[in-house]
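The next block holds one structure in the form of structure tokens; read it before the comments.
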Amino acid sequence: MAGQQVRHRTLTNGMEVQAWGSGPRTLLFIPGGPGSGLPRGMSGRLARRWFAPFVQAGYAVHYVTRRRNMPSGHTVADMADDYAQAIDEDLDGRVDLVVGESYGGMIAQYLAARHPDRWRDLAIVVAAAEVSEWGKDVDTRAAAALAAGDPAQAGRIFAEYVLPGERSRWVRRLAGPLVARSLLSGASYPPADVLVETRAELAFDARPVLADIGSRVILLCGDRDQFFPIDLVEETARLIPECTLVRYEGQGHMRVASSRRVVHDVLGFVARR
């Protein structure tokens, strides 16, 4: 497919970039957590399919991971600074569109507030100024399992992201080791980075900086999201000076994150400038 040749590179701080498309406009994608791996195989094909309308609209897509070997105590704000460095080093100092999804949307809030000259438009997908108490509980238990050196248990807990509730407990028990091998094997990034990211999420609260976001933002969410409940999303939208809120009725976190409607709505938002 024209414009879909995939290019890979590694930045000086260890952030990895997967890029495709050759249009004149640049799109920086900040992935959800854990955000240290690039999409490969089937997930890579699904990612390119999701971004295909952006490529057709003239964007070169740059999917950028977290930096490697993040120090203990590295915060979401620090991760935003890492992405600002990546924009300076690899994307000529400014991008046309930032799309931050889930954890990436958390980082994007700080990137927008702390580095206003690095971006033109921002789409925050399934994220808010804080994580729900349910999400914090999951992450607290996952961090404890990681710190204790129990990847299988951490995998079972991470599986709650997509299989919550008591009725799915037996499925999580089976899936835990598979999740652990996928996220915590150390094959492509240090497992300790997952622990740093998880702990940073527990301390995350972007409310104090949202008024500093000086350009327009579109915030897209589902009204059945357990990580970022609708009341938190609506509060976030009120705190951002120029924010368009798009709400998908009856949709949860994963459903919205993978929806083609998000792509359509983001492109429509950008076209209205």
Side-chain angles (χ1 to χ4, degrees), residues 10-18 29-40 43 63-86 100-111 114 126-164 169 172-206 226-228 253-254 257:
T10 302
L11 307 185
T12 56
N13 63 2
M15 299 174 87
E16 289 190 73
V17 182
Q18 190 176 93
F29 180 66
I30 308 178
S36 294
L38 290 171
R40 303 184 188 278
S43 64
Y63 185 119
V64 184
T65 71
R66 313 290 188 261
R67 61 177 279 193
R68 294 291 179 270
N69 299 301
M70 290 185 287
S72 178
H74 205 60
T75 66
V76 173
D78 294 330
M79 295 175 204
D81 293 344
D82 295 335
Y83 278 95
Q85 180 184 340
E101 182 181 275
S102 191
Y103 203 116
M106 293 161 47
I107 295 170
Q109 293 170 57
Y110 274 100
L111 176 65
R114 292 162 69 99
V126 293
E130 188 179 12
V131 179
S132 70
E133 291 305 315
W134 175 84
K136 289 179 182 178
D137 173 67
V138 173
D139 288 335
T140 297
R141 289 183 285 112
L146 288 169
D150 189 348
Q153 176 63 8
R156 286 189 285 271
I157 295 168
F158 277 128
E160 293 183 40
Y161 292 165
V162 293
L163 297 166
R169 180 186 292 272
R172 294 196 301 269
R173 192 180 303 277
L174 295 174
L178 298 176
V179 175
R181 282 198 292 273
S182 174
L183 299 180
L184 308 171
S185 67
S188 59
Y189 53 85
D193 283 348
V194 180
L195 176 58
V196 170
E197 189 169 310
T198 302
R199 286 174 169 166
E201 184 175 289
L202 295 173
F204 169 74
D205 183 349
Q226 286 187 275
F227 279 100
F228 301 102
H253 190 81
M254 300 301 293

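All values below were derived from every heavy atom in this structure, side-chain atoms included, with hydrogens, water molecules and symmetry-related copies excluded.
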Specify the closest pair of heavy atoms between Ala80 and Leu111, including all atoms of both residues, with the distance to one decimal.
CB-N, 3.4 Å
CG of Leu174 to CZ of Arg169, rounded to nearest 0.5 Å, is 13.0 Å
Is there a side-chain contact between Val64 and Ile30 in this structure, where contact means two heavy atoms from C-beta onward sitting under 4.5 Å apart?
no
Looking only at heavy atoms, which two atoms of Pro151 and Gly149 are closest? And how far apart?
CD-O, 3.2 Å
Return the minimal non-hydrogen interatomic distance between Val194 and Pro34, and the atom names on each side.
CG1-CG, 3.9 Å
Pairwise side-chain contact, Met106 with Met79, heavy-atom cut-off 4.5 Å (strictly under)
no
Only counting residues at least two apart or in another chain, list the ones meeting side-chain hydrogen bond (donor to acceptor under 3.5 Å, both in side chains) with Glu160.
Arg141
Ring pair (Phe, Tyr, Trp, His ring centres under 6.0 Å) partners for Tyr83, two or more places apart:
none
Backbone of Glu16 reached by a side-chain donor or acceptor of Thr65 within 3.5 Å:
yes
Nearest non-hydrogen partners of Glu197 and Tyr103, listed with the distance
O-OH, 2.7 Å
Give a yes or no answer on whether the side chain of Ser36 reaches the backbone of Arg66 with a donor-acceptor pair at less than 3.5 Å.
no
Counting N and O atoms only, with roles assigned by atom type, does the side chain of Asp150 sit under 3.5 Å from a partner on the main chain of Ala145, one being a donor and the other an acceptor?
no
Rounding to 0.5 Å, atoms CD (Gln153) and CD1 (Ile157) come to a distance of 4.0 Å
Give the ring-plane orientation class for Phe227 versus His253, where under 30° counts as parallel, over 60° as perpendicular and anything between as tilted.
tilted
What are the two closest non-hydrogen atoms of Gly32 and Ser102, and how far apart are they?
CA-CB, 4.2 Å
Side-chain (Tyr110) to main-chain (Thr75) donor-acceptor, under 3.5 angstrom:
no
Check whether Asp81 reaches the backbone of Asp78 with its side chain - one donor and one acceptor, N or O, closer than 3.5 Å.
no
CA sep, side-chain torsions, deciding dist, call: Gln85, Arg67, side-chain contact (heavy atoms from CB on, under 4.5 Å):
CA-CA 10 Å; Gln85 180 184 340; Arg67 61 177 279 193; over 6 Å; no
Steps toward side-chain contact (heavy atoms from CB on, under 4.5 Å) verdict (Val131, Phe228)
CA-CA 6 Å; Val131 179; Phe228 301 102; 3.9 Å; yes
Considering all heavy atoms, the nearest Asn13-Asp82 contact
ND2-O, 4.1 Å
Audit row: Val76, Gln109, side-chain contact (heavy atoms from CB on, under 4.5 Å) steps and yes/no:
CA-CA 9 Å; Val76 173; Gln109 293 170 57; over 6 Å; no
Spatial distance of atom OG1 (Thr10) from atom CE (Met15) [nearest 0.5 Å]:
11.5 Å
Once ring pair (Phe, Tyr, Trp, His ring centres under 6.0 Å) is applied, do any residues pair with Phe204, and if so which ones, sequence neighbours excluded?
none
